[in-house]
Protein chains: 2
Amino acid sequence: MPRSAEQKKRSRQRILKSAFKLFTEQGFENTSIDQIMHHAGLTRGAFYAHFASKSDLYQQAILNAAAGSYVVRRKPQHLDNKAWIETLLSSYLSRDHVENREAACPLAFLTTDIATREPEVRNTYTKIYKKLNNLIHQHTQTYSNCSETNLLAVTAMMIGGVAISRALNEQETVDQVLEACKRAAQTLLSET
Amino acid sequence: MPRSAEQKKRSRQRILKSAFKLFTEQGFENTSIDQIMHHAGLTRGAFYAHFASKSDLYQQAILNAAAGSYVVRRKPQHLDNKAWIETLLSSYLSRDHVENREAACPLAFLTTDIATREPEVRNTYTKIYKKLNNLIHQHTQTYSNCSETNLLAVTAMMIGGVAISRALNEQETVDQVLEACKRAAQTLLSET
DNA sequence: GTCTATAGAAAGATAGAC
DNA sequence: GTCTATCTTTCTATAGAC
């Protein structure tokens, strides 16, 4: 790859990352292109060499974030499926996640924002949502014959738990909610 | 109350209702004061006779919506607590709710939007969230000794289920999610 | 590809007439 | 209290130099 193309790819990646961070912290409409570009160490004018529009960027940023988050996380060799699912639940339903200190899940951080956007964005959301369900399904079926129903309930609880926690204004309640979701998820995943 | 005050109250109520509808459909930033006032049958200029700012309106609209929604819904005489909770779950986790055809729950419709707003708004969210938990707690304790943990997990699943459903772009999946949450909620509420 | 400069549109908030 | 008119700011998107 020629140097300039290499450079462009790096810039693009920086923009995507900055964009997702700001979108999750402030929402789509509260985040300006100017802000994103400055955060990425560039200026406004360079934006349109990478993306067609702000809305285009939104989709790309969500996809990019999903590609580096839970939905594609790989199980380490030394853990069995059950232990790994517990790890996944623990880190998903954690304060670190809620407070956006590690790879934020777009499913939980952008839910209602995405619900009000165009169909293409909602398609992207649907795709990622299915990936998360598949990921958990694949790792639970070896040790439990948990139903499809319980699986869907668990992901709704994970996403809901994190989304609510971000909106709440009391740390104590947040901790209770996260803990409750973790326990209930494990119960549901080991039932038939 | 003098006629003019009566009139003002009616206008205010119309504005609150229009605002909440548009906020849930389009999000806070995508909804303009102009739009809200036209929807309420008034013009822009009249807005500031009722509210100090758009942000002020947001809080009032959420409170007003909560006051007319699930969190204060009363059990009809002819139903026992268990039957009523089942009714509540059924209507909360329904397509009618997801598609905003009946009193939308601010907890599910505005979750991530509120997470990015000022502390006062998040305080309002927290208050309403607790009301919903109390409501369910009061009606389940007579027929089940379901734990506080399970209660929190159930409301996370209700809110999460509806929030996700609004973002998804496939009717079939939405129906599955809603049904799954309904069943799992009933299971959790009847466990210790 | 990235920069500065700017066009053009939209929206929050205010002023003053009725 | 509600209206029309307007100030002011902000933002998306484009133009043109390097």
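Reminder, nothing fancy here: chain letters follow the sequence lines and each chain counts from 1. Quick caveat, the model's predicted, so the values are computed rather than measured.
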query = Excluding sequence neighbours, so at least two apart, what forms ring pair (Phe, Tyr, Trp, His ring centres under 6.0 Å) with B:Y92?
reply = B:Y70, B:H97
message = Tell me if the NZ atom of A:K82 is crowded by more than 12 foreign heavy atoms within 6.0 Å.
response =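 No - once you tally the heavy atoms of other residues, nucleotides and ligands closer than 6.0 Å, there are 12 at most.
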note = For nucleotides 2-13 of chain C, 5' to 3', base contacts (B), sugar-phosphate-only contacts (S) and non-contacts (-) with protein non-hydrogen atoms under 4.0 Å give BBB-B----SSB
message = Whether the B:T126 and A:N169 side chains hold a donor-acceptor pair (N or O, under 3.5 Å, no angle test) is what I'd like checked.
response = no
inquiry  = With a 4.0 Å cut-off on N to O distance, would you call A:K130 and B:E170 a salt bridge?
reply    =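 B:E170 and A:K130: salt-bridged.
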request  = Quick one: pull up CG in A:L88 and NZ in A:K75 and give me the separation to the nearest 0.5 Å.
outcome  = 12.5 Å
task = May I have the distance from A:E6 (atom CD) to C:dG1 (atom C1'), rounded to whole angstrom?
result =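 Interatomic distance, CD of A:E6 to C1' of C:dG1: 15 Å.
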